[in-house]
Amino acid sequence: YDYARRNPLLYFDYLGLKYYLCIYTNCCRKHGAVYDDGHAALALINTDNNSITTYGLWPDWHEDIVEAGLNDENASDVRINFPNDKMSDYGYVHCREVSDKELEVFKREISENWTWRYTQTCASFASDVFYSTTNVDIDADDLFGFETPREIGDSILEANNAESNSSNQSGNNRTSN
């Protein structure tokens, strides 16, 4: 992680020895997001082949999922490499290096049959899987116990010592899911 100057989004370990798990969102309360703003997702960075694989929880009824023909009520709502989850489009990012053991936990977690519900949102998915994998709590709990992307944004700012890892701090990208 130090090799990448603590920012694996910009600098890679060219020896290919590491994986990083990132949690990210496009909004936070501190920068004006309202309760139903935004989206949150995860990315796994593989420095061996410099690839980034994204994982986001999207409901089958979301217009972008329907338009892409990905709505299947019998399958998991975790979308892998869905274009709307491109990490570089999101302003708040927190990454952690993961060990081989943590990588196995991550693979097990994302292989579960996740279903989007109002009590299990994209923010719940991202926060829960990130915590299960890294044991780092990027909190998603917002008003009335619902988990939201804007709360993840605030938690990322706190974890990054008020740095968002991006120059985009508007926080009002209404991708709601």
Side-chain angles (χ1 to χ4, degrees), residues 19-29 33-46 51-96 98-159 171-177:
Y19 282 91
Y20 297 92
L21 182 61
C22 302
I23 185 170
Y24 55 96
T25 187
N26 55 353
C27 64
C28 77
R29 181 186 349 228
V34 296
Y35 192 71
D36 64 347
D37 275 353
H39 180 61
L42 298 167
L44 185 66
I45 298 173
N46 177 345
S51 67
I52 299 175
T53 305
T54 62
Y55 304 86
L57 190 70
W58 293 83
D60 280 332
W61 50 262
H62 192 281
E63 64 187 67
D64 294 338
I65 297 301
V66 172
E67 186 177 305
L70 298 174
N71 52 328
D72 179 355
E73 63 185 48
N74 297 317
S76 175
D77 287 345
V78 175
R79 316 303 173 167
I80 299 172
N81 289 331
F82 186 57
N84 291 11
D85 287 332
K86 186 176 174 187
M87 187 168 53
S88 61
D89 293 342
Y90 289 74
Y92 305 92
V93 180
H94 183 75
C95 298
R96 290 288 177 149
V98 292
S99 67
D100 290 341
K101 182 179 176 184
E102 290 170 325
L103 184 59
E104 292 306 313
V105 170
F106 174 75
K107 289 177 180 178
R108 190 171 50 250
E109 286 287 323
I110 61 161
S111 68
E112 291 183 18
N113 189 13
W114 290 85
T115 302
W116 193 98
R117 302 185 291 272
Y118 288 105
T119 57
Q120 184 172 284
T121 65
C122 60
S124 308
F125 165 75
S127 179
D128 291 351
V129 172
F130 194 83
Y131 180 76
S132 294
T133 303
T134 66
N135 205 30
V136 174
D137 185 21
I138 300 296
D139 184 42
D141 293 330
D142 208 318
L143 298 173
F144 311 114
F146 289 103
E147 296 179 304
T148 65
R150 76 176 188 166
E151 187 65 27
I152 286 181
D154 287 351
S155 294
I156 287 172
L157 286 174
E158 184 176 320
N172 267 333
N173 186 345
R174 294 190 56 101
T175 306
S176 280
N177 78 354

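These numbers come from a predicted model, not from an experiment.
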> If I take atom CD1 from residue I152 and atom OG from residue S124, how far apart are they, to the nearest 0.5 angstrom?
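Between atom CD1 of I152 and atom OG of S124 there are 8.0 Å.
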> Is any side-chain heavy atom of L103 closer than 4.5 Å to one of K107?
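They are in contact (side-chain heavy atoms under 4.5 Å apart), so the answer is yes.
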> Report yes if some heavy atom in the side chain of F146 is under 4.5 Å from a heavy atom in the side chain of T119; otherwise report no.
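Yes; the side chains approach each other to less than 4.5 Å.
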> Can any side-chain N or O of T54 pair as donor or acceptor with the backbone N or O of A43 at less than 3.5 Å?
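Here the side-chain-to-backbone pair does not exist.
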> Going by side-chain hydrogen bond (donor to acceptor under 3.5 Å, both in side chains), H39 matches just one of T25, N84, D85. Which one?
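Considering T25, N84, D85, a side-chain hydrogen bond (donor to acceptor under 3.5 Å, both in side chains) with H39 is found only for D85.
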> Atom CD1 of I110 and atom CG of L57: how far apart are they, to the nearest 0.5 Å?
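One finds 12.0 Å between CD1 of I110 and CG of L57.
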> Which residues pass the side chain to side chain donor-acceptor pair (under 3.5 Å) test with N74, not counting sequence neighbours?
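None.
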> To check you understand the geometry: which heavy-atom pair defines the closest contact between P149 and C122, and what is its length?
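For P149 and C122, the tightest heavy-atom pair comes out as CG-SG, 3.9 Å.
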> Would you compute the distance between atom CG of N113 and atom OG1 of T115 and round it to the nearest 0.5 angstrom?
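Here the interatomic distance stands at 5.0 Å.
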> Looking at side-chain heavy atoms only, is the closest gap between D89 and N26 below 4.5 Å?
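D89 does not reach N26 side chain to side chain.
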> Distance check, rounded to the nearest 0.5 Å: F125 atom CZ versus S76 atom OG?
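One gets 7.5 Å once the value is rounded to the nearest 0.5 Å.
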> Checking the side chain of D141 only, and the main-chain atoms of E147 only, is there a donor and an acceptor separated by less than 3.5 Å?
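Looks like no, no N/O pair under 3.5 Å.
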> Taking all non-hydrogen atoms of both residues, which atom of V105 and which atom of S132 are closest, and how far apart?
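In terms of heavy atoms, the two residues are closest at CG1-O, 3.4 Å.
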> So for atom CG, which belongs to D100, do other residues, nucleotides or ligands contribute more than 12 heavy atoms lying within a distance under 6.0 Å?
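Open: at most 12 neighbouring heavy atoms sit under 6.0 Å from CG of D100.
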> Could you tell me whether a side-chain N or O of E102 sits under 3.5 Å from a main-chain N or O of S99, the two making a donor and an acceptor?
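Here the side-chain-to-backbone pair exists.
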> Does R79 reach the main-chain N or O of W58 with its side chain, forming a donor-acceptor pair under 3.5 Å?
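Yes, the answer is positive, given that a donor and an acceptor are paired below the 3.5 Å cut-off.
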> Identify the heavy atoms of I65 and N71 that sit nearest to each other, and give their distance.
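Between these two residues, the closest heavy atoms are CG2-N, 3.6 Å.
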> T148 versus T121: any side-chain heavy-atom pair under 4.5 Å?
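No, every pair of side-chain atoms sits at 4.5 Å or beyond.
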> Not counting sequence neighbours, which residues clear side chain to side chain donor-acceptor pair (under 3.5 Å) with Q120? List them please.
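Side chain to side chain donor-acceptor pair (under 3.5 Å) check on Q120 returns R117.
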> I want to check something: taking the side chain as every heavy atom from C-beta on, are F106 and V129 in contact at a cut-off of under 4.5 Å?
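Contact flag for F106/V129 side chains = yes.
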> Starting at SG of C95, measure out to OH of Y19 and round the result to the nearest 0.5 Å.
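C95 atom SG to Y19 atom OH measures 15.5 Å (nearest 0.5 Å).
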> Look up atom CG in D128 and atom CD in E112, then write down how far apart they are to the nearest 0.5 Å.
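Here the rounded value is 10.0 Å.
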> Could you tell me whether the side chain of L21 reaches within less than 4.5 Å of the side chain of F130, counting heavy atoms only?
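Yes, their side chains come closer than 4.5 Å.
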> Is there a side-chain contact between L70 and F82, using heavy atoms and a 4.5 Å cut-off?
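Side chain of L70 against side chain of F82, heavy atoms only: contact under 4.5 Å found.
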> Tell me whether W114 contacts the main-chain N or O of G56 through its side chain, where contact means a donor paired with an acceptor under 3.5 Å.
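Judged by distance alone, no pair lies under 3.5 Å.
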> Could you walk me through whether T53 and N81 pass side-chain contact (heavy atoms from CB on, under 4.5 Å), step by step?
CA-CA 6 Å; T53 305; N81 289 331; 3.8 Å; yes
> Any donor and acceptor pair, going by atom type alone, linking the side chain of D139 with main-chain N or O of S155 inside 3.5 Å?
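Checking the backbone N and O of S155 against the side chain of D139, no donor-acceptor pair under 3.5 Å is found.
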> Compare every heavy atom of C22 with every heavy atom of I45, then report the nearest pair and how far apart it is.
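Closest heavy-atom pair between I45 and C22: CD1-SG, 3.7 Å.
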> Contact between W116 and H62 at the side-chain level, heavy atoms closer than 4.5 Å - yes or no?
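Contact flag for W116/H62 side chains = no.
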